[in-house]
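To keep things clear, I will list the structure first and then write my remarks on it.
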Amino acid sequence: MGFPFFSHCTKANVSDDQGLIEMLSVHIDYFKSKPVNIPKITILLDNGYHPEKLEQELKKLVLASVLWKEVEFTGF
């Protein structure tokens, strides 16, 4: 599956989507300075997530459209 880069704990009343957005927000600098030898970042999601909502929220975080094209959401 790959090597996990980050983990993030939230309260039980925080949705999976919001927890992922929080985690990626905290670590956005990693994605902005992504190593050149990593061509694409894949984020694996189960059915508890809503990719459309995540895409909307994460696009707000990512300023460079070039970077956004290199992020892919994949379900199990």
Side-chain angles (χ1 to χ4, degrees):
M1 287 253 215
F3 182 76
F5 287 87
F6 313 111
S7 64
H8 184 72
C9 296
T10 62
K11 294 181 179 182
N13 65 344
V14 175
S15 72
D16 291 346
D17 292 334
Q18 186 58 40
L20 178 60
I21 291 165
E22 289 176 13
M23 181 184 72
L24 296 176
S25 298
V26 169
H27 300 288
I28 194 70
D29 289 338
Y30 170 80
F31 296 99
K32 286 182 178 179
S33 65
K34 179 179 71 64
V36 183
N37 63 341
I38 300 175
K40 179 173 31 174
I41 296 169
T42 301
I43 300 172
L44 298 174
L45 305 173
D46 63 19
N47 291 333
Y49 294 88
H50 303 92
E52 299 81 22
K53 177 182 178 182
L54 290 169
E55 185 173 359
Q56 290 173 0
E57 293 299 316
L58 293 175
K59 278 184 179 179
K60 294 176 188 176
L61 295 174
V62 180
L63 300 176
S65 61
V66 173
L67 174 63
W68 181 252
K69 291 177 186 175
E70 297 173 0
V71 176
E72 172 186 338
F73 291 103
T74 304
F76 290 113

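For H27, the ring pair (Phe, Tyr, Trp, His ring centres under 6.0 Å) test picks out F6, with sequence neighbours left out. Looking at residues two or more places apart in sequence or on another chain, you find a side-chain contact (heavy atoms from CB on, under 4.5 Å) between V14 and T10, K11, Q18, E22.
Remark: H8 NE2 to I21 CD1 distance equals 10.5 Å, nearest 0.5 Å. Note: L54 CG to L24 CG = 8.5 Å, rounded to the nearest 0.5 Å.
Side-chain atoms of D17 come within 3.5 Å of backbone atoms of H50 as a donor-acceptor pair (strictly under, hydrogens ignored).
Under the 4.5 Å side-chain criterion, counting only non-hydrogen atoms from C-beta, L20 is in contact with L45.
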